[in-house]
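A, B, ... follow the sequence lines: proteins, then strands. Residue 1 opens every chain.
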Amino acid sequence: MVLIQEIMGSNPIGSEKFDLSRMRKVLASGFFDRPTLRVAKELLGKFLVRRFPRRSASGLRKSASREAAAMIIEVEAYIGFHDLASHASRGKTARNTVMFGRAGVWYVYFTYGMHWMLNIVTGPKGYPAAVLIRGIEGIPGPARVTKYFKVDRRMNLKPASRKTGLWIEDRGARIPKSRMKRGMRIGVDYAGSWKRKLWRFYVV
DNA sequence: TAAGTGATCTCT
DNA sequence: GAGATCACTTAA
């Protein structure tokens with residue numbers, strides 16, 4: 001909790017200053033309905049923003065909702081029908097149906113008996129693809145992102161928007177090319193030749 | 001390096 | 001219904 005408060009309004013990569021009030025553009029579905037690798041790459045430097053649900057202890061008093069945001073610094077792309085690292089590679093199932101749907105919708109699933117993974121659906125309807133949010137500044141690791149931003153299955157199938165309480169903003173930060181890297185995806189050794197795809201993008 | 005944890009999927 | 005697997009984290 002302390003960690004999240006520290007992150008709010010933090011300077012993204014230390015080197016460049018910018019004014020938060022200058023630019024806060026919420027990314028709409030049009031941003032995500034584009035080639036997945038391009039979306040993935042461009043997500044670096046964008047901000048994941050969470051409005052925490054209001055709490056009401058007694059039912060009478062409600063505290064003001066609180067907002068947290070942090071810059072996205074690591075993502076992975078999962079693309080198409082044949083990518084063996086993707087849940088979609090074995091066809092449409094109850095779990096992965098959202099990947100085949102409209103871009104800009106959250107795909108949240110549970111794994112290893114304890115971790116929630118946060119993905120945003122990309123590309124045209126009918127074509128299964130998504131980008132996994134692997135890390136945000138101050139919170140490296142996909143399961144930590146969901147833990148600290150309190151994201152679980154309730155966010156699954158919901159669009160990324162202010163209305164749903166979890167969205168992505170362009171706040172004007174730009175990552176220098178020298179700090180952008182790409183590499184193989186993590187934890188997909190089982191995926192045959194697909195594991196060697198350089199579909200992970202991260203900021204160093 | 002390995003335990004922990006339970007939903008999901010494949011195969012009977 | 002059983003058994004294997006898993007887009008991970010933590011502690012050692």
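Looking at the side chain of A:Arg153, the nearest of the listed nucleotides C:dA7, B:dA7, C:dC8 is B:dA7. Listed nucleotides: B:dC9, C:dT9, C:dA7. Nearest to the side chain of A:Ala143: C:dT9. The side chain of A:Arg90 approaches B:dC9 more closely than any other nucleotide in the set C:dA7, C:dT10, B:dC9. Proximity note for A:Thr111 (side chain, C-beta onward) versus C:dC6, B:dG4, B:dC9: the nearest is C:dC6.
A:Arg134 has a side-chain polar atom (N or O) that falls below the 4.0 Å cut-off from OP1 or OP2 of C:dC8. Remark: A:His87 is in phosphate contact with C:dA7, judged by side-chain N or O atoms under 4.0 Å from OP1 or OP2. Side-chain nitrogen and oxygen atoms of A:Tyr190 include at least one within less than 4.0 Å of the OP1 or OP2 phosphate oxygen of C:dA7.
Atoms NE2 (A:His115) and C1' (B:dT8) sit 16 Å apart, rounded to a whole Å. One can place CD1 of A:Ile186 at 8 Å from P of C:dC8, the figure rounded to the nearest angstrom. Atom pair A:Met117:CE and B:dT5:P shows a separation of 17 Å (rounding to whole Å applied). Here B:dT5 presents its C1' atom at 13 Å from CH2 of A:Trp116, a figure rounded to the nearest Å. Across the protein-nucleic acid pair, A:Leu198 atom CG and C:dA7 atom P stand 19 Å apart, rounded to whole Å. Following rounding to the nearest Å, A:Leu84 (CG) and C:dA7 (P) show an atom-to-atom distance of 12 Å. Atoms CE (A:Met99) and P (C:dA7) sit 11 Å apart, rounded to a whole Å. One atom, NZ of A:Lys92, and another, P of B:dT8, lie 17 Å apart when rounded to the nearest Å.
For A:Tyr112 and B:dA7, a side-chain-to-base donor-acceptor distance below 3.5 Å is absent, hydrogens and geometry of angles not being considered.
Under the 4.5 Å side-chain contact rule for hydrophobic residues, A:Met99 and A:Tyr127 share a cluster. Criterion: ILVMFWY side-chain heavy atoms under 4.5 Å apart, direct or through other members. Under it, A:Tyr112 and A:Val151 are not part of a common hydrophobic cluster.
Across every non-hydrogen atom of A:Met71 and A:Ala173, the tightest pair is SD-CB, 4.5 Å.
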Expected list for residues 73-84 of chain A: side-chain donor-acceptor pairs under 3.5 angstrom, two or more places apart:
{"unit_1": "A:Glu74", "atom_1": "OE2", "unit_2": "A:Arg134", "atom_2": "NE", "d": "3.1"}
{"unit_1": "A:Glu74", "atom_1": "OE2", "unit_2": "A:Arg200", "atom_2": "NE", "d": "2.7"}
{"unit_1": "A:Glu74", "atom_1": "OE2", "unit_2": "A:Arg200", "atom_2": "NH2", "d": "3.1"}
{"unit_1": "A:Glu76", "atom_1": "OE1", "unit_2": "A:Tyr78", "atom_2": "OH", "d": "2.5"}
{"unit_1": "A:Glu76", "atom_1": "OE2", "unit_2": "A:Arg134", "atom_2": "NH1", "d": "3.4"}
{"unit_1": "A:Glu76", "atom_1": "OE2", "unit_2": "A:Ile186", "atom_2": "N", "d": "2.7"}
{"unit_1": "A:Asp83", "atom_1": "OD1", "unit_2": "A:Ala85", "atom_2": "N", "d": "3.0"}
{"unit_1": "A:Asp83", "atom_1": "OD1", "unit_2": "A:Arg185", "atom_2": "NH1", "d": "3.4"}
{"unit_1": "A:Asp83", "atom_1": "OD1", "unit_2": "A:Arg185", "atom_2": "NH2", "d": "3.0"}
{"unit_1": "A:Asp83", "atom_1": "OD2", "unit_2": "A:Ile79", "atom_2": "N", "d": "3.2"}
{"unit_1": "A:Asp83", "atom_1": "OD2", "unit_2": "A:Arg185", "atom_2": "NH1", "d": "2.7"}

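If you check B:dT5 for Watson-Crick or wobble pairing at under 3.5 angstrom, you find it has no partner at all. Summarising the base pairing, C:dA7 is matched to no nucleotide, lacking a Watson-Crick or G-U wobble pair whose two defining distances lie under 3.5 Å.
Backbone-only engagement by A:Arg95 is indicated by non-hydrogen atom pairs under 4.0 Å involving sugar-phosphate atoms exclusively.
A cation-pi arrangement is present between A:Arg171 and A:Phe47 under the rule of less than 6.0 angstrom and at most 45 degrees off the ring axis.
Ring-to-base geometry does not place A:Phe110 in a stacked arrangement with B:dG6 (centre distance under 5.5 Å, plane angle under 30° required).
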